There are 2 protein chains.
Amino acid sequence: MARSPQKTSAQASGNAVTADLVAVLVAVTDGTPKIMTIAGGAALPSGPFEFTHRSLQTALRAWVEAQTGHPLGYVEQLYTFADRGRSGDAKSPHSVSISYLGLTREDRVGEGFEAHWSGWYDYFPWEDHRDGAPAFIAKTIAPKLKAWAKAAPSPTLQRERWQRCTITFGLEDRDWNEELVLQRYELLWEASLIPEANHSRGREASVAPGKPMTADHRRILATGIARLRAKIKYRPVVFELMPAEFTLLQLQRSVEALAGRLVHKQNFRRLIEQQELVEETGAMAADTVGRPAKLFRFRHGVLAERAVAGTKLPLSRT
Amino acid sequence: MARSPQKTSAQASGNAVTADLVAVLVAVTDGTPKIMTIAGGAALPSGPFEFTHRSLQTALRAWVEAQTGHPLGYVEQLYTFADRGRSGDAKSPHSVSISYLGLTREDRVGEGFEAHWSGWYDYFPWEDHRDGAPAFIAKTIAPKLKAWAKAAPSPTLQRERWQRCTITFGLEDRDWNEELVLQRYELLWEASLIPEANHSRGREASVAPGKPMTADHRRILATGIARLRAKIKYRPVVFELMPAEFTLLQLQRSVEALAGRLVHKQNFRRLIEQQELVEETGAMAADTVGRPAKLFRFRHGVLAERAVAGTKLPLSRT
DNA sequence: CATCTTATGCTCACGGAGAGTATAAATGGC
DNA sequence: GCCATTTATACTCTCCGTGAGCATAAGATG
């Protein structure tokens, strides 16, 4: 690669690092979004990048397949971290961590593998608003955030902090925005309500609910959830998480599971069908309560026909 | 970082790489979007990542400031490449390239610096549809794409190729989607119409217009343009590129310059004002032809008041 | 058969977006 | 001073996407 002289010399000065991959692998089963975890659910799957592969994506696919015994569907890069203090140990070699979001249909991990699936709301209980805002937000989190806001040095800063709280968490009758997953996590972190945020002070007593994770893995997961929640609105990626055949209600439940909120059933169906995203298989769903539903499959044609196919989410306020 | 045993050992096996930063730095002057380049316009600014900085963003900011003598406004990570063949030389040390998009108000590069500004449409002439689709698309590019499509082995593949062409370039009365910058570049690459795509064959005769760049820099630039074109529609990032005070027409021209297409003036103003993104300064523009326009400034308050402020672009079809 | 549950069809009202028309306020040329 | 030109700004109109509610159909279960 052609570089200007001073840069070439600088590059040769040997700032070697190691490259890691961290994966947020998502599946949805029975209306529960799950992520692949290792270490008893305390960490996202991660490992060193092997340069024997042609590209990062290839490396990730091969690696996931080796770990789970299943191929990976949709893959997308999330973010690259190179923060110095990230590894915790200042003496350790510098590490660049490249995180990916991966979607898969299979919920099954092959036997003998360390990995297994965990519900993503175990780590982010405050992100599930399908039955309305969780009660503990108003009861526990909001007061603590208010206390944190009041602890700001000046009245102006106090107001700004509290405004930020109401916006990100949808407090005081504001709309809850399901995409602000990372912002909410960061806010709780700053307010010292996240166990990972122990700034080497001993107090772990009053924290938000939810399982913690190693290092910054929960933060990476938040990034992945946010990305996916944004993506399902304008790209037909939900289908990567569905079985080959599904009913419209199952599809809706998956979308709701990811978004963390409910959608209007009739409007949802109208949108899906008018966009010609699915086609009937002819078969009907068995083993159901109530009127049997038609089975549909994803029309793969849309990927070629359209540049941007939108799965617009009709969000309801109930 | 806690890892499972087999991973820890794998990590210690020493797959060291070097970390590079590549920056797409954007400014807009007089309705022309510009990017910072080095090597006489043949490369994007890039250099090794110094681990003396706390994070990648800090490193990039410091580095850009050292290169141009000006601070950087909005910064966003674009993509990380680790492809093996990327450096061209298989023997060279593996390199991870982390690319960033940066927006700045200043169009001025300090004296004595190698960097300077180039219009981004010099590299992507087919991306400027402000005066309608450029004539050479129908005259030159479309026929070559058609020939490429016809060269596919089967009739089905031929149809699929041509459909892809019509979608990405908006041929045959399809709508042109300004966000598909990367897809268009990749299509031209596959059709061997990009000089960089010389698969060590000698033919460079019939290629698309536009200045080439070193290595995959033009591809990175395409990624940056696409990201920015998408972003201006739902985040008020245009203001990062504007001077402190501006008229609504200047703002509109900047948006149009970035989007590569025109917007409806009255609707544009309606959207900007109803979203309360700007406030009057009280002053009027001087040195103008026609009726003098009010000067506005960006209301920084919106960043705090709203979670997602949208600069929705009213796109016109003329 | 009554009831429950889910599927599916239909309608209505509101608001946002695209687009057109009209008027106001400045400049420069004659 | 008058006119053409250029830009700013106000107003209106229509279409359609979207949120929301109502109604009916089709199965299971007691």
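Throughout, protein chains are lettered first and strands after them, A, B, ... in sequence-line order, and every chain is numbered starting at 1. The model shown is predicted, which means the values in this text are computed figures rather than measured ones.
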query: What is the distance, rounded to the nearest whole Å, between atom CZ of Arg270(B) and atom P of dG15(C)?
result: 14 Å
- request: Scan Thr37(B), Leu228(B), Val24(B) and name whichever one has a side-chain contact (heavy atoms from CB on, under 4.5 Å) with Trp120(B).
  value: Leu228(B)
message: Rounded to whole Å, how long is the line connecting atom CG of Leu248(A) with atom C1' of dG9(C)?
response: 14 Å
task: Enter the distance from Asp131(B):CG to Leu262(B):CG here, rounded to the nearest 0.5 Å.
output: 7.0 Å
query: Got a sec, which pairs hit salt bridge (charged side-chain N to carboxylate O under 4.0 Å, His left out) with one end in residues 277-286 of chain A, sequence neighbours left out?
result: Glu279(A)-Arg297(A), Glu280(A)-Lys294(A)
query: So, Glu76(B) versus Tyr74(B): side-chain donor-acceptor pair below 3.5 Å or not?
result: yes
- prompt: Please give, in whole Å, the distance from dG17(D) C1' to Lys233(A) NZ?
  reply: 16 Å
- request: Measure the distance from CZ on Phe296(A) to P on dT8(C) and round it to the nearest whole Å.
  value: 6 Å
task: With rounding to the nearest 0.5 Å, note down the distance linking CG in Leu258(A) to NZ in Lys233(A).
output: 11.5 Å
- request: Check the distance between dG18(C)'s P and Asp175(B)'s CG and give it to me in whole angstrom.
  value: 12 Å
message: Using whole Å, what does the distance between atom P of nucleotide dG18(C) and atom CD of Gln252(B) come to?
response: 13 Å
field: Minimum-distance nucleotide to Asn267(B) side chain [options: dT8(C), dG18(C), dA8(D)]
entry: dG18(C)
query: dG18(C) C1' sits how many Å from Leu271(B) CG, rounded?
result: 10 Å
query: What is the per-nucleotide protein-contact pattern of nucleotides 23-30 of chain D, from the 5' end, where B denotes a base atom under 4.0 Å from a protein heavy atom, S denotes such proximity for sugar-phosphate atoms only, and - denotes neither?
result: --BBB---
query: Closer than 4.0 Å, any side-chain N/O of Lys265(B) to the OP1 or OP2 of dA8(D)?
result: yes
task: Taking the side chain as every heavy atom from C-beta outward, state whether Arg218(B) and Phe124(B) have any atom pair closer than 4.5 Å.
output: yes
task: Quick one: label Leu249(A) by what it contacts on the DNA or RNA (base, sugar-phosphate, nothing), any heavy atom closer than 4.0 Å.
output: sugar-phosphate
query: ring-ring contact (aromatic ring centres under 6.0 Å, His included) with Phe298(B): which residues, sequence neighbours excluded?
result: Phe239(B), His300(B)
- request: Send over the distance from Phe268(B) CZ to dA8(D) P, rounded to a whole Å.
  value: 12 Å
